[in-house]
Each structure stands twice: as C-alpha cells, then as structure tokens.
Asker: 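Structure incoming, see below.
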Amino acid sequence: VLVATILPWIGNVAYNLKLGPWPGLNWLTLSIAVSGWLLVWVVTRGALLDLLPHARDVLIEMMHDGVVVLDRAGRITYCNSTARDTLGLDAPTLLGIFETHTLRDIPVDWREQRAIDTVHGHRWLDVHVGPVHDRWGALAGRLIVVRDITVEKGLERDRERLIESLRDALRRVTQLE
C-alpha cells in the first residue's frame, strides 16, 4: 500500500525533471496505472479487508449470550456455539420459548424472561428478539439474543427468602417487647 501511494509521486518527479529514455513520456500516468494495479492486488490477494469478517465471527462465537438468526421464512440460518451447546437452543426449544407452532410466527420485536427445560436442566432465559433489515429497509429476518439468567434468578429467590425470614424475625422481636 505504501509503494502504491509513493509511486505516483515518483512518476510526477520523473516527468517534471524529464528523466527516462523517452522524452515527453508522462511517467505520472503510467505510475498511477501501476499504483492502481498494486492496490487491487493488495485488496484481493493480500487479504487486506478479510480481518473484519473474521473478527466478527470470533466475537460472536466468544459471546456468553446465545445468538440465533432467522431468515424471512423463519428458518435458522445461524446459531452460535453458546446457543447450540450451552443453552441447547434448537428449533423445538425456540418454539417452546415463544409458544408458537412455527418459527415464522416469532414476533419481530419482543423481550421477555422465560423458564424452560433444556438438556442441561431447568433454565431461566432473558430473550430479546429484534428485526434484521436489508439495505432497502425491508424485513430480512430476526435476530434472537438469549442470555442465561438462571444464577441471577436463584440469587433473587434467595434474597426474597432472606427478606421474608428477616420480616418474620422482626415480627417475633416486636411481639416479645
């Protein structure tokens, strides 16, 4: 990329100083053509633009949240490893979460917490469904992000039990007075 950037400057200097075996040859035009060819080669063969899609794939696979992508027809087109392995989300499980008969009936914009039974036991899930639009603004599918909140729900239940036992203890103390 650096060579492709500097090459037109060198061609301009060579033309203005009338360097080279052929007088009157415009080295700037030739150097811009070679520079363009170098840039095309770097982009196509040098994998200059291939890092971002790979980084996105790694990020989605490393997420602790399950990610499921549905197309327009309600077919699962992508499911990251967390959704697939840890949460055990497949088509029948998704139908159970949304209480629908087909994945096509899943709402476009929806958020709720649901308790389900998976291959890993009883789980509480925070489910968020959002629309995916194509470049013309038409609905292209749905993005489902699922977070396992079983631990948080257990802590919330323990906190409620503790509050209730403290209330009972306070009632007993006030009755003793």
Side-chain angles (χ1 to χ4, degrees), residues 1-2 4-5 36-171:
V1 175
L2 184 62
T5 306
W37 178 82
L38 280 173
L39 286 173
V40 167
W41 181 79
V42 165
V43 168
T44 58
R45 302 279 185 198
L48 181 67
L49 303 177
D50 289 347
L51 180 61
L52 188 59
H54 180 66
R56 184 182 314 119
D57 291 344
V58 170
L59 173 69
I60 296 291
E61 286 300 320
M62 287 176 46
M63 287 178 63
H64 294 290
D65 296 346
V67 176
V68 179
V69 179
L70 302 178
D71 67 3
R72 229 179 243 123
R75 295 179 300 242
I76 296 175
T77 58
Y78 179 78
C79 194
N80 74 345
S81 60
T82 302
R84 196 174 42 253
D85 303 333
T86 307
L87 299 176
L89 293 181
D90 53 5
T93 307
L94 287 173
L95 290 174
I97 290 173
F98 296 106
E99 299 172 352
T100 61
H101 298 293
T102 65
L103 292 177
R104 184 180 306 169
D105 298 333
I106 290 177
V108 174
D109 196 8
W110 185 79
R111 183 169 196 157
E112 197 168 310
Q113 294 179 353
R114 290 285 174 111
I116 65 164
D117 292 315
T118 67
V119 293
H120 303 291
H122 187 74
R123 303 266 187 172
W124 274 95
L125 302 177
D126 181 30
V127 183
H128 185 201
V129 179
V132 176
H133 298 283
D134 61 15
R135 66 179 128 197
W136 298 280
L139 183 66
R142 293 173 212 75
L143 177 68
I144 303 171
V145 179
V146 181
R147 175 174 289 157
D148 187 353
I149 57 169
T150 305
V151 173
E152 290 87 350
K153 283 292 191 180
L155 291 172
E156 185 179 316
R157 190 176 51 248
D158 292 346
R159 182 179 62 90
E160 293 297 324
R161 277 193 225 140
L162 180 60
I163 289 172
E164 189 59 37
S165 71
L166 287 173
R167 283 184 183 149
D168 288 342
L170 182 60
R171 250 185 258 121

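Both backbone and side-chain heavy atoms feed into the values below; hydrogens, waters and symmetry mates do not.
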Asker: What are the two closest non-hydrogen atoms of Thr150 and Trp124, and how far apart are they?
Answerer: OG1-N, 2.9 Å
Asker: State whether the number of non-hydrogen atoms from other residues, nucleotides or ligands found under 6.0 Å of His133 atom NE2 is greater than 12.
Answerer: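 Result for NE2/His133: enclosed.
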Asker: Got a sec, which residues hit side chain to side chain donor-acceptor pair (under 3.5 Å) with His122, two or more places apart in sequence or on another chain?
Answerer: Asp117
Asker: Mind checking side-chain contact (heavy atoms from CB on, under 4.5 Å) for Arg135 and listing every partner two or more places apart, or none if nothing turns up?
Answerer: none
Asker: Could you list the residues that satisfy side chain to side chain donor-acceptor pair (under 3.5 Å) with Glu112, not counting sequence neighbours?
Answerer: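 For Glu112, the residues satisfying side chain to side chain donor-acceptor pair (under 3.5 Å) (neighbours in sequence not counted) are Arg114.
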Asker: Under the rule for side-chain contact (heavy atoms from CB on, under 4.5 Å), what residues qualify as partners of Glu160, not counting sequence neighbours?
Answerer: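 Result, side-chain contact (heavy atoms from CB on, under 4.5 Å) vs Glu160: none returned.
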Asker: Check side-chain contact (heavy atoms from CB on, under 4.5 Å) between Arg161 and all other residues, then give those that pass, not counting sequence neighbours.
Answerer: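 Per chain and number, Arg161 pairs via side-chain contact (heavy atoms from CB on, under 4.5 Å) with Arg157, Asp158.
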Asker: Which atom pairs, donor and acceptor, lie under 3.5 Å between side-chain atoms of residues 69-82 and protein residues at least two apart or in another chain?
Answerer:
from	atom 1	to	atom 2	distance (Å)
Asp71	OD1	Ala73	N	3.1
Asp71	OD1	Gly74	N	3.1
Asp71	OD1	Arg75	N	2.8
Asp71	OD2	Arg75	NE	2.9
Asp71	OD2	Arg75	NH2	2.7
Arg72	NE	Leu139	O	2.8
Arg72	NH2	Leu139	O	3.4
Thr77	OG1	Val69	O	3.1
Tyr78	OH	Glu61	OE2	2.4
Asn80	OD1	Val67	N	2.9
Asn80	OD1	Ala83	N	3.0
Asn80	ND2	Ile60	O	3.0
Asn80	ND2	Asp65	O	3.1
Ser81	OG	Glu61	O	3.4
Ser81	OG	Glu61	OE1	3.0
Thr82	OG1	Met63	O	2.7

Asker: Determine whether more than 12 heavy atoms belonging to other residues, nucleotides or ligands lie under 6.0 Å from atom CZ of Arg167.
Answerer: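 Atom CZ in Arg167 is not crowded, with 12 or fewer foreign heavy atoms closer than 6.0 Å.
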Asker: Going by the salt bridge (Lys or Arg N to Asp or Glu O under 4.0 Å) test, which pairs reach into residues 76-85, not counting sequence neighbours?
Answerer: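 Listed once each, the pairs would be none.
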Asker: Side-chain contact, heavy-atom cut-off 4.5 Å: Arg147 with Val127?
Answerer: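 No, too far: nothing below the 4.5 Å cut-off.
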Asker: Which atom names give the shortest non-hydrogen contact between Val129 and Pro107, and what distance separates them?
Answerer: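 Looking at all heavy atoms of both residues, the closest pair is CG1-O, 3.1 Å.
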Asker: Checking Leu59 now: which residues fulfil side-chain contact (heavy atoms from CB on, under 4.5 Å) with it, not counting sequence neighbours?
Answerer: none
Asker: List in chain and number order the residues that pass side chain to side chain donor-acceptor pair (under 3.5 Å) with Asp109, two or more places apart in sequence or in another chain; answer none if no residue qualifies.
Answerer: none
Asker: Taking side chain to side chain donor-acceptor pair (under 3.5 Å) as the test, write out the residues that go with Arg142, two or more places apart.
Answerer: none
Asker: Heavy atoms, side chains only, cut-off 4.5 Å: are Asp148 and Leu125 in contact?
Answerer: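 The answer is yes; the side chains approach within 4.5 Å.
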